[in-house]
Amino acid sequence: MTATARVVIGVDSSTQATKALAVDVETGAVLGEGRAPHTVTGTGGARESDPEQWWQALRAALAGTGHAGAAAAVSVAGQQHGLVTLDAAGRAVRPAMLWNDVRSAPEARELVARLGATEWARRTGSVPTAAFTVAKWAWLTAHEPEAARATAAVRLPHDYLTERLTGEAVTDRGDASGTGWWTADGYDQEILAAVGLDPALLPAVLPPGRPAGTATADGPLAPGTRVAIGTGDNMAAALGLGLGAGAGPTAGRPVLSLGTSGTVYAATRGRPADPTGTVAGFAHATDGWLPLACTLNCTQAVDRIAALLGRDRGAVEPGGSVVVLPFLDGERTPNLPEATGLLHGLRHDTTAGQILQAAYDGAAHSLLTALDDVLRAGGEPADPDAPILLIGGGAQGRAWRDTVRRLSGRAVQVPAGRELVALGAAAQAAALLTGERPEEVARRWRTADGPLYEPVERDEAAVARLADTLTKAEPLLREK
Ligand SMILES: Nc1ncnc2c1ncn2[C@@H]1O[C@H](COP(=O)(O)OP(=O)(O)O)[C@@H](O)[C@H]1O
Ligand SMILES: O=C(CO)[C@@H](O)[C@H](O)COP(=O)(O)O
């Protein structure tokens with residue numbers, strides 16, 4: 001390997017920011033880091049961002065690594081599901097509708113009613129919720145038909161950025177599996193016809209390991225730099241943790257990610273097809289599957305409640321019996337897209353710190369409840385003694401770590417590598433150079449190593465209170 005072939009860059013274009021890491025291919029050492037924020041607009045159920053801003057943020061983050069001109073390969077991972085609509089000149093027709101935009105909830109319900117939940121799960125692995133790209137496209141054709149008519153290309157956030165770097169209209173199986181129009185055999189022509197989307201508008205889904213192309217001369221990278229295919233952010237984090245679905249000890253290892261979204265998932269050998277819709281049957285980026293459950297209200301919802309209470313995010317207090325269902329932005333798991341937040345069981349002696357703790361509990365409970373469903377959907381045995389790999393910004397907070405341990409009764413391991421999505425993308429880029437599988441690269445880099453926090457006794461009373469409140473409040477939370 002030449003001196004310049006030693007550095008790759010992995011990018012995480014997530015909801016709130018673009019983060020880029022320059023990484024040494026041999027050791028996994030992070031040599032440089034760049035970051036640039038995104039703006040998310042929208043009130044009520046709307047959440048949108050300008051794709052041009054992601055591109056500018058990508059340029060800034062790449063420059064921030066200090067290695068943009070010298071990297072041998074680059075890969076971009078991005079927030080899943082977002083609907084990017086481009087005109088014939090490649091300009092955005094309108095802002096991208098993001099994964100957490102729940103205006104498309106009625107369209108998702110209608111799509112499920114038309115085909116049936118079991119058939120959706122059988123074909124695409126998932127029952128679409130408002131998050132899925134197919135529901136967003138259906139919303140666009142119904143509410144902004146001129147924008148839909150002006151659309152000459154439909155992209156996901158990561159493949160939009162990959163195309164800006166290379167000029168190639170390509171995507172990967174991992175991110176494609178979050179659209180609602182991809183099956184293991186390619187695009188589902190019948191579903192596309194049902195939502196009036198011409199397949200010619202979509203990028204080609206390349207086989208795993210095939211590069212997207214090389215950097216064009218007018219971009220932020222040295223012309224000819226190899227660009228990997230990239231993937232969705234959760235798929236990239238799985239790669240970054242060294243998790244593969246192939247034979248080996250990593251299939252079925254549970255991951256809990258605490259970021260803008262909360263996600264719980266595992267790499268599995270079995271293809272998920274959960275007709276209840278709790279588990280999305282995503283594809284792993286290399287092979288096998290990545291059953292996943294996702295919440296809309298995670299770190300940001302808890303931070304918002306801390307701000308309302310005038311407390312630091314870590315200033316929780318034990319005790320009391322208050323319950324918070326922090327569904328501030330509507331919720332996806334459980335599927336209550338029109339829900340708002342709920343506070344129940346307030347007493348004269350309830351403290352602000354207990355209310356904040358209850359918000360953490362409410363956010364973590366939805367994810368932990370889905371954990372067994374995730375493993376079942378992927379056909380992997382649930383091992384209650386296996387530590388949960390805890391990642392995302394929230395994993396850095398003691399209150400989050402303690403809440404997950406108390407409500408699960410399990411140990412948690414917090415990988416030392418902070419930016420697992422960007423590391424996973426870097427592993428994809430490195431794999432282009434070395435011929436390894438990306439997850440093998442990450443294992444060699446020992447990205448999942450980190451402190452283990454021992455299990456504590458499960459707080460059965462808190463879990464029962466949450467489950468009971470959720471059951472009783474459900475009719476209220478379903479009201480529009
Ligand atoms: N030390 C910390 N304690 C608790 N939460 C934290 C800490 N640091 C960051 N966070 C939370 O992490 C979130 C960002 O997580 P991250 O995984 O980077 O987001 P994204 O999903 O957008 O990539 C912030 O919203 C913040 O609430
Ligand atoms: O919708 C999902 C998964 O299905 C989300 O996990 C998005 O992929 C957004 O990710 P972050 O910006 O929170 O990382």
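Hydrogens, waters and symmetry mates are skipped; everything else that's a heavy atom, side chains included, is used. In each ligand, atom 1 is the first atom listed, and ligand 1 is the first ligand listed. Owing to the predicted nature of the structure, the values given are computational and were not obtained by experimental measurement. In this chain, residues are counted from 1 in sequence order.
- Counting heavy atoms under 4.0 Å from ligand 2, residue M235 does not touch it at all.
- Residue S14 has at least one N or O atom closer than 3.5 Å to an N or O atom of ligand 1.
- Counting the atoms of ligand 2 from 1 in the order shown, those under 4.0 Å from a heavy atom of H81 are 1 (O), 2 (C), 3 (C), 4 (O).
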Please evaluate residues D287 and R173 with respect to the criterion salt bridge (Lys or Arg N to Asp or Glu O under 4.0 Å), reporting the C-alpha separation (whole Å), side-chain torsions for both, the decisive distance (0.1 Å), and the verdict.
CA-CA 9 Å; D287 63 8; R173 71 195 293 270; over 6 Å; no
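- The residue Q79 has no part lying near ligand 1, judged by heavy-atom distances below 4.0 Å.
- Residue contacts with ligand 2 for C294 involve side-chain atoms from C-beta outward but no N, CA, C or O (heavy atoms, distance under 4.0 Å).
- Ligand 2 has no N or O atom lying under 3.5 Å from any N or O atom of W99, backbone or side chain.
- When side chains are defined from C-beta on, T295 does not count as touching N297, because their heavy atoms never get closer than 4.5 Å.
- Distances from atom 20 (P) of ligand 1 to the heavy atoms of T18, T15, T260, V302 show the closest one on T260.
- In summary, E163 and R155 engage in a salt bridge, as defined by a charged side-chain N under 4.0 Å from a carboxylate O.
- Those atoms of ligand 2 that come under 4.0 Å of a heavy atom in T260, given as number and element, are 13 (O).
- Shown in contact with G392 at under 4.0 Å from a heavy atom are these atoms of ligand 1, numbered in order with element: 17 (O).
- Atom 24 (C) of ligand 1 has its closest protein heavy atom at T299 OG1, 3.8 Å.
- For the side-chain contact (heavy atoms from CB on, under 4.5 Å) test with S257, the passing option among L367, T263, V421, L292 is T263; the others fail.
- We find that E454 and R405 are not joined by a salt bridge, their nearest charged nitrogen and carboxylate oxygen being 4.0 Å or further apart.
- Looking at D233 against ligand 2, only its side chain comes within 4.0 Å, counting heavy atoms.
- Partners of P415 by side-chain contact (heavy atoms from CB on, under 4.5 Å), not counting sequence neighbours, listed by chain and number: L241, L389, I391, L420.
- Between S14 and ligand 2, not a single N/O pair is under 3.5 Å apart.
- Put simply, no part of E419 is less than 4.0 Å from ligand 1, judged by heavy atoms.
- By the 4.0 Å N-to-carboxylate-O rule, E474 lies close enough to R478 to be salt-bridged with it.
- Closest protein heavy atom to atom 27 (O) of ligand 1: D303 OD2, 2.4 Å.
- Ligand 2 is never approached by A131 to a heavy-atom distance shorter than 4.0 Å.
- Annotation: side chain of Q300 is in contact with side chain of Q16 (closest heavy-atom distance under 4.5 Å).
- At a heavy-atom distance under 4.0 Å, only side-chain atoms of N234, from C-beta outward, approach ligand 2.
- Each of the atoms 1 (N) of ligand 1 lies under 4.0 Å from some heavy atom of Q396.
- In this structure, of G393, G262, A399, the residue bringing a heavy atom nearest to atom 16 (P) of ligand 1 is G393.
- Protein heavy atom closest to atom 4 (C) of ligand 1, with residue, atom name and distance, is R313 CD, 3.3 Å.
- For atom 18 (O) of ligand 1, the nearest non-hydrogen atom of the protein is K19 NZ, 3.0 Å.
- Numbered from 1 in the order shown, with element, the atoms of ligand 2 that lie under 4.0 Å from a heavy atom of T263 read 6 (O).
- The heavy atom nearest to atom 13 (O) of ligand 2, considering only S126, S261, S177, is found in S261.
- The CZ atom of R401 sits 8.0 Å away from atom CG of L390, with the distance rounded to the nearest 0.5 Å.
- Residue contacts with ligand 2: Q79 is placed with no nitrogen or oxygen under 3.5 Å of a nitrogen or oxygen of the ligand (distance criterion only).
- Of the protein's non-hydrogen atoms, the one nearest atom 3 (N) of ligand 1 is G397 CA, 3.2 Å.
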